[in-house]
Amino acid sequence: MDIILVPLLAVVVKIIDLYRWLLIIYVIMGWLEAFGIVNRYNQFIYGLHTFLFRIIEPALVPIRRFMPNMGDIDLSPLALVFGLYLIQGVFIKILQKFPG
């Protein structure tokens, strides 16, 4: 069982780490677009934003339903980062239980 479970959990931990970085890039891109630093109509920026939107936004929508409305401040990415840290910590603790 350890032969399959340990590498699988290690891959899941790395995927969560990658998703967290994509979330951070998505938030920073949103700030750069809002302040007019990055042109939203640039083909590369548009493609990257669309890609990140399709990956990140489905996870943010359920969180936004439960978060209180704070005006222009969106705290759902912060809640998602904390949730990802929690899930990743659980998987790391499970990995530490297995020898090897």
Side-chain angles (χ1 to χ4, degrees):
M1 186 69 166
D2 297 348
I3 295 173
I4 296 172
L5 189 62
V6 172
L8 181 66
L9 288 178
V11 168
V12 169
V13 167
K14 293 298 180 186
I15 289 173
I16 292 172
D17 196 33
L18 175 66
Y19 192 80
R20 190 173 56 239
W21 280 108
L22 290 175
L23 174 65
I24 292 169
I25 292 169
Y26 179 70
V27 169
I28 291 173
M29 274 191 65
W31 291 343
L32 293 176
E33 288 176 359
F35 291 121
I37 298 171
V38 185
N39 186 2
R40 183 177 294 200
Y41 300 107
N42 183 338
Q43 188 68 29
F44 176 74
I45 299 296
Y46 179 77
L48 183 62
H49 184 269
T50 303
F51 170 73
L52 291 173
F53 180 83
R54 290 183 181 180
I55 289 178
I56 302 296
E57 206 58 37
L60 291 177
V61 169
I63 296 172
R64 286 186 183 132
R65 286 188 212 143
F66 296 107
M67 298 283 295
N69 188 4
M70 305 218 15
D72 290 336
I73 300 173
D74 185 15
L75 295 178
S76 60
L78 186 63
L80 183 58
V81 166
F82 287 146
L84 290 174
Y85 271 122
L86 177 72
I87 293 169
Q88 191 176 30
V90 169
F91 284 136
I92 289 173
K93 285 295 183 184
I94 292 171
L95 277 173
Q96 290 174 349
K97 296 288 183 184
F98 291 103

Name all residues meeting the side chain to side chain contact (heavy atoms under 4.5 Å, CB included) criterion together with [X]; count only those two or more places apart in sequence or in a different chain, and write none if there are none.
X     : value
Leu9  : Leu5, Phe91, Ile94, Leu95
Tyr41 : Asn39
Ile63 : Met67, Ser76, Ala79, Leu80
Ile28 : Ile24, Trp31, Leu32

Let me confirm one number: the [atom1]-[atom2] distance from [X] to [Y], rounded to the nearest 0.5 Å.
X     : Y     : atom1 : atom2 : answer
Leu75 : Asn69 : CG    : CG    : 10.5 Å
Ile45 : Thr50 : CD1   : OG1   : 11.0 Å
Ile56 : Ile25 : CD1   : CD1   : 9.0 Å
Trp21 : Leu84 : CH2   : CG    : 13.0 Å

With salt bridge (Lys or Arg N to Asp or Glu O under 4.0 Å) as the rule and sequence neighbours excluded, what pairs involving [range] come up?
range          : result
residues 78-87 : none
residues 78-90 : none
residues 65-83 : Arg64-Asp74

Worked verdict on Val38 versus Met29 for side-chain contact (heavy atoms from CB on, under 4.5 Å) = CA-CA 8 Å; Val38 185; Met29 274 191 65; 5.7 Å; no

With a 4.5 Å cut-off on side-chain heavy-atom distances among I, L, V, M, F, W and Y, is there a chain of contacts connecting [X] to [Y]?
X     : Y     : value
Leu8  : Phe98 : no
Val61 : Val27 : no
Tyr46 : Leu52 : no
Val13 : Leu86 : no

query = Counting only heavy atoms not in Gln96, do more than 12 sit closer than 6.0 Å to its CD atom?
reply =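 Check passes, neighbour count above 12.
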
inquiry  = Looking at Ile73, I'd like to know if its CD1 atom is crowded, meaning that more than 12 non-hydrogen atoms belonging to other residues, nucleotides or ligands lie closer than 6.0 Å.
reply    =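 Open.
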
task = Considering non-hydrogen atoms only, spot the tightest contact between Pro58 and Pro62 and give its length.
result =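 Closest heavy-atom pair between Pro58 and Pro62: O-CD, 3.1 Å.
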
inquiry  = Which heavy atom of Pro77 sits nearest to which heavy atom of Leu23, and what is that distance?
reply    =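 Heavy-atom minimum between the residues: O-CD2, 3.6 Å.
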
query = With ILVMFWY side chains joined below 4.5 Å, transitively, what does Ile15's cluster contain besides itself?
reply =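 Answer for Ile15: Val11.
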
request  = Scan for side chain to side chain donor-acceptor pair (under 3.5 Å) pairs involving residues 4-14, sequence neighbours excluded, and state none if there are none.
outcome  =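 Found none.
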
request  = Can you sort out the partners of Tyr26 under ring pair (Phe, Tyr, Trp, His ring centres under 6.0 Å), two or more places apart, ordered by chain and number?
outcome  =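 With sequence neighbours excluded, Tyr26 shows a ring pair (Phe, Tyr, Trp, His ring centres under 6.0 Å) to His49, given in chain and number order.
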
inquiry  = Applying salt bridge (Lys or Arg N to Asp or Glu O under 4.0 Å), can you list everything that pairs with Arg40, at least two apart in sequence or on another chain?
reply    =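 So Arg40 forms a salt bridge (Lys or Arg N to Asp or Glu O under 4.0 Å) with Glu33.
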
request  = Determine which pairs satisfy ring-ring contact (aromatic ring centres under 6.0 Å, His included) with at least one residue from residues 51-90, sequence neighbours left out, and list them in order.
outcome  =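 Qualifying pairs, neighbours excluded: none.
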
